[in-house]
Amino acid sequence: MVQDLFGGSARPLVRVLLPVAVAEPYTYRVPEGMAPGLGSIVRVPLGPREVIGVVWAVDVATPVSPGRLKDLLHHYDQAPPLDDALRALIDWVANWTLASPGMVLRMVLRSEEALEPEAPVPGVRRIEAAPPPERLTAARKRVLDTMEDGFAWSKSGLAHAAGVSASVIDGLIAHEVLEVVQMPAVPPVPAPDPDWAPPTLTAAQQVAADRLVKAASGGFQTFLIDGVTGSGKTEVYFEAVAAALRAGRQALILIPEIALTSAFLERFERRFAARPAEWHSEISPKQRARVWRGVATGDVRVVVGARSALFLPFRELGLIVVDEEHDGAYKQDDRVPYNARDMAVVRGHLTGFPVILASATPSVESQVNAEAGRYQRLELPERALGANMPEIVAIDMRQDGPERGQWLAPTLRRAIAEALADGAQSLLFLNRRGYAPLTLCRSCGHRFQCPNCSTWLIEHRFRGQLACHHCGHVEPSPDHCPSCGGTDSLVPCGPGVERIAEEAGDLFPDARVLVLSSDLPGGAERMKREMKVIEEGGADIVVGTQLVAKGHNFPLMRLVGVVDADLGLANGDPRAAERTFQLLAQVTGRAGRISGQGHGMLQTYAPEHPVIRALARDDRAAFYRAEIAARRAAHLPPFGRMAALIISGQDKAAAAAHARALALCAPRDPALTVLGPAEAALALVRGRHRFRLLAMTPRATDLQGLLRAWLKQAPKPRGSVRLQVDVDPQSFL
DNA sequence: AGCACGCCGACT
DNA sequence: GTCGGCGTGCTC
């Protein structure tokens, strides 16, 4: 207690971080009888409303005039405080992403409900002293028989178990045979058993698993499990999870897609006899609160979740696994722009536990980190179960292309025919939805364009529509040209999956052809059904977009034909080659995954491109060598830093002035090249409200410092300014 | 006049 | 992030 000038006792002050986009924590008075410590979760007044926040510093001097100070409203003393390591992570991530710490805290405090203990569930129990009811009907007898064990039951659970309706139970309560009691809330998930079903591992898997198990009880270390499709990475890191559990620690497994969780959870259950807790954007508020609470108290031992699970308040986290670490879904682009893969490594470093990254096609960043010795590489070069990797060949479309208006090369057609003859499945992969990406008028040259965007409209023949894949605009398919009025003059240009399916149907009229594309009517349910149909051999030829690349195993798939392997290589994204390589490796890896009898064909006009050559020669190392050299030469990530300054708002003149300011400050650093102010200015002239500047420098600290200083001194434009830095932080740990 | 909307600054 | 205040412009 501090004596103030007037001899009265001044209340101690604390700084509270609020889930609000302000630069620093705010100061509040601690009222009598409240004793929050570092990390305590509190409720405070903020302007006209109340918000929750976390105590970031205690016993501080007031930075604002005492007259403005307000009192803490409440201390959530039932909720465990955020520990030092988690608070350090919040500050670290805020500093790294240039977001306000409050916005990072917001990702931690995702469930206000979780701060109060879970309300007990009302249940019913037999009143022991009470005799059976006078009229013991069959239904009533079933209820009492079910309750022989003497335990309390939930009403609905009891009704279900006894096969009666809830009114029978209400009747027994009214007759004072049963009483209503408060049952403690059920734990969110049962505890997993690390020794339930240990797998039989191959020699290579065993070597990797042994190293992980050894590291599991130790401090920070990052592993990269670099294993081909089907090599059994999951079994290997499950052993690390088991070791963490045995050591009394919690484990977190991050996976990229929500859509894949259910299959993954089942797999986990087979190994550990219990489902892990689930965490992603779709879970119900109640379950979210349960998992959050359970993670904080230690009742939940393993969480499987999407990137946001990284910010859960684990009590004794001892391992993070990042599965498919190369996946773009780990990046968040809005609010706090972070990559959960990198922040997982940061969390492991701050708390002191191992982190495992796993992929069949690791990101270039992780390959470089492994080469530099920052990550321990664990290689699984062969498929488990003795299956062979598919043989991949490139088809040079300049020499072996089909006739005009057709898209499947003769070599690929022969391979499909062979697969059909053997009763095996083929997958034709084309990452383009719809029938044709462009519709053209042959007589006047009119091209159908989106009224909102500057892109072409994609024909969807099954639906009879033209659609814009950027904004969702749709219009009915035209029967004449709106420009010259010509009928019969409209021609579709280029293929989409629908058109490939049509061609396959024409070539093989007896084959059952099935299209898999994310825009199929019927939603997730239909998709599940279709996947099952394929799995059970109900289709001969599957034509699919990107979604066939992930998750699902097709046991009968023998041939994978990539219709346009060059698609995606040409766009200006610095990661275009890497992404294409990863996608095509994943897709062709679907072939013969179970049978070991598979092959892939890549239709290409650029057979000498490093991506195509690496895939066709089954020489992944060659791809990474070429890509790493190219990145190094161009100062691209992970050697250069790529940042995007996004200025959004209505005031074009102010935003344009900012673009010029950045362009002007760039030459001060000879290593900094600013690409894009001209494009950005152009976008502004065209009336867009957003643009990007891409800036690159070999040293991230330079770029960050430069941009931060510039953001501080520059006049604030109307609208908002957001800075996004896309850089792998390993070199700063 | 009445209000819908967008912008902007404050929030301890 | 969220709120209230305020100016602008449109409608009853």
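What's counted below: heavy atoms across the whole structure, side chains too, no hydrogens, waters or symmetry copies. Note that this is a predicted model, so its numbers are computed, not measured. Each chain gets a letter, A, B and so on, in the order its sequence line appears, and its residues count up from 1.
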Exercise. Which of residues 22-30 of chain A have a heavy atom under 4.0 Å from DNA chain B?
Worked result: A:Val22, A:Tyr26, A:Thr27, A:Tyr28
For this session: Take atom CG of A:Leu105 and atom P of C:dT2, then tell me their distance rounded to the nearest Å.
Result: 14 Å
For this session: Starting at atom CZ of A:Arg43, determine the distance to atom P of B:dC11, rounded to an integer number of angstrom.
Result: 20 Å
Exercise. Is A:Arg49 near enough to C:dG1 that one of its side-chain N or O atoms lies under 4.0 angstrom from OP1 or OP2?
Worked result: no
For this session: Using atom CG of A:Leu46 as one end and atom P of C:dT2 as the other, report the distance to the nearest whole Å.
Result: 11 Å
For this session: With A:Arg447 as the cation and A:Trp456 as the aromatic partner, state whether NZ or CZ is under 6.0 Å from the six-membered ring centre and within 45° of the axis.
Result: yes
Exercise. Any chance the side chains of A:Ser363 and A:Glu578 put a donor and an acceptor closer than 3.5 Å?
Worked result: no
Seminar exercise, completed: A:Glu50 atom CD is separated from C:dC3 atom P, nearest whole Å, by 13 Å
For this session: Calculate the interatomic distance between A:Arg68 atom CZ and B:dT12 atom P; express it in whole Å.
Result: 7 Å
Exercise. In whole Å, what is the span from the CZ atom of A:Arg106 to the P atom of B:dC11?
Worked result: 21 Å
Exercise. Do A:Glu324 and A:Glu257 have side-chain heavy atoms sitting under 4.5 Å apart?
Worked result: no
For this session: Please confirm whether A:Phe353 and A:Phe314 have ring centers closer than 6.0 angstrom.
Result: no
For this session: Check the pair A:Arg29 / A:Met34 against side chain to side chain contact (heavy atoms under 4.5 Å, CB included), numbers first and verdict last.
Result: CA-CA 10 Å; A:Arg29 266 190 317 250; A:Met34 202 185 277; over 6 Å; no
Exercise. Are side-chain heavy atoms of A:Pro36 and A:Val30 found at a separation under 4.5 Å?
Worked result: yes
Exercise. A:Arg110 CZ to C:dG1 P: how many Å, rounded?
Worked result: 13 Å
For this session: For A:Asp71 and B:dC11, give me the distance from atom CG to atom P, rounded to whole Å.
Result: 17 Å
